[in-house]
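Here's the structure we're looking at; comments come further down.
All values derive from a computational prediction rather than experimental measurement.
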Amino acid sequence: MMARFTQAGLIHIIVIMNKADKRRFPLEGLLNTRELGGYPVIAEGIQKTVKKGLIFRSGSPENITEADQQFLNSLKIRTAVDFRSEGEKSSSFNFPSLDKKVDLPIDAGNLMGALFDTGEWLYNNSAEKAEAEMMKLYSLLPVEAIPRYRVLFSLLADSASLPIIFYCSAGKDRTGMASALILHALGADRETIMEDYFYSKENLRPYWERYTNTQSYLIPYFTVSEKYLLTAFRSMEKYGGIDRYLANELGADIKRLRELYIE
């Protein structure tokens, strides 16, 4: 059984998020870009830390500015992994240091197209129905994304791919699920995983409030929720739990990942 996320843990996250967000990069057009480095993990019974400067997550680069580009160039990113479907793509990351761009489209996460009437999501014009759709999406995401996440974990285990950035449209669902799996593989506890996941809520607020101020039923589509991520974790129980999902379905080499990313 999956452990429930505790009320005390949620309060802990809220306190962290109400402080100055030291994890936020100085970016103008990219609202949900950050790194996984710096988080505490437990490896071999010892508290350690995820190395900085190696794993980055983001939303779409559509609104990237010249200043953003200069900052990201300084990160020397070598691999960019794009989870967007073809219909979502209007731009892509392009760094001088980039060796390869890897397209790993996960169509189940294509929510942003609904804003432009290219999907059926927003026809469910009640918060209750919208939340039900998101719960459904998160139950399907770990299943439909297996071949894509398998490639991601293969890239993560290859030092020649580093530093790496992975992203989708908003950087909260497909990217958020990938981040949660990576942090779990590295030994992060549930509260740390949720902490990283919840950053998307505040990072994206300036974008989605323009819609939700007049259409509040859209909020479940644009935000993140503890219930969403726990739904995804529960869907992995059919594979024997998160650890077996990572090992058997995604082929994650936990030992190698910890050698590369933990200090």
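Without hydrogens or angle criteria, Thr33 side chain to Ser58 main chain gives no donor-acceptor distance under 3.5 Å. With hydrogens and angles disregarded, no donor-acceptor distance shorter than 3.5 Å links the side chain of Lys76 to the backbone of Pro163. Thr212 places a side-chain N or O within donor-acceptor distance of the main-chain N or O of Trp208, the cut-off being under 3.5 Å. Of the possible donor and acceptor atoms, none in the side chain of Arg78 sits under 3.5 Å from a partner among the backbone N and O of Lys100. Proximity of a side-chain donor or acceptor of Asn32 to a complementary backbone N or O of Gly59 within less than 3.5 Å is not detected.
Using a 4.5 Å heavy-atom threshold, the side chains of Tyr261 and Arg256 count as separate. For the pair Asp173 and Cys168, the minimum side-chain heavy-atom distance is 4.5 Å or more. Phe222 places none of its side-chain heavy atoms less than 4.5 Å from the side chain of Glu209. At a threshold of 4.5 Å between non-hydrogen side-chain atoms, the residues Leu230 and Arg190 count as touching.
Counting heavy atoms of neighbouring residues, nucleotides and ligands inside a 6.0 Å radius, atom CD of Glu263 exceeds 12 of them. The environment of NZ in Lys238 is crowded: more than 12 heavy-atom neighbours from other residues, nucleotides or ligands sit within 6.0 Å.
Using a 3.5 Å distance cut-off with no hydrogens or angles, the side chains of Asn203 and Ser200 do not pair a donor with an acceptor. A donor-acceptor pair shorter than 3.5 Å cannot be found between the side chains of Glu195 and Thr192.
Between Tyr207 and Tyr211, the ring centre distance stays below 6.0 Å. Less than 6.0 angstrom separates the ring centroid of Phe83 from the ring centroid of Tyr149.
Residues Arg84 and Arg174 share a closest heavy-atom pair of CA-NH1, 3.7 Å. Nearest heavy atom pair, residue Pro142 against residue Tyr245, reads O-OH, 2.5 Å.
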>> The test is side chain to side chain contact (heavy atoms under 4.5 Å, CB included); show your working for Leu30 and Leu72 and say whether it passes.
In response: CA-CA 11 Å; Leu30 297 174; Leu72 293 177; 3.5 Å; yes

>> Show, in sequence, the C-alpha distance, side-chain angles and deciding distance for Leu181 and Phe153, and conclude whether the side chain to side chain contact (heavy atoms under 4.5 Å, CB included) test is met.
In response: CA-CA 10 Å; Leu181 290 168; Phe153 273 87; 4.0 Å; yes

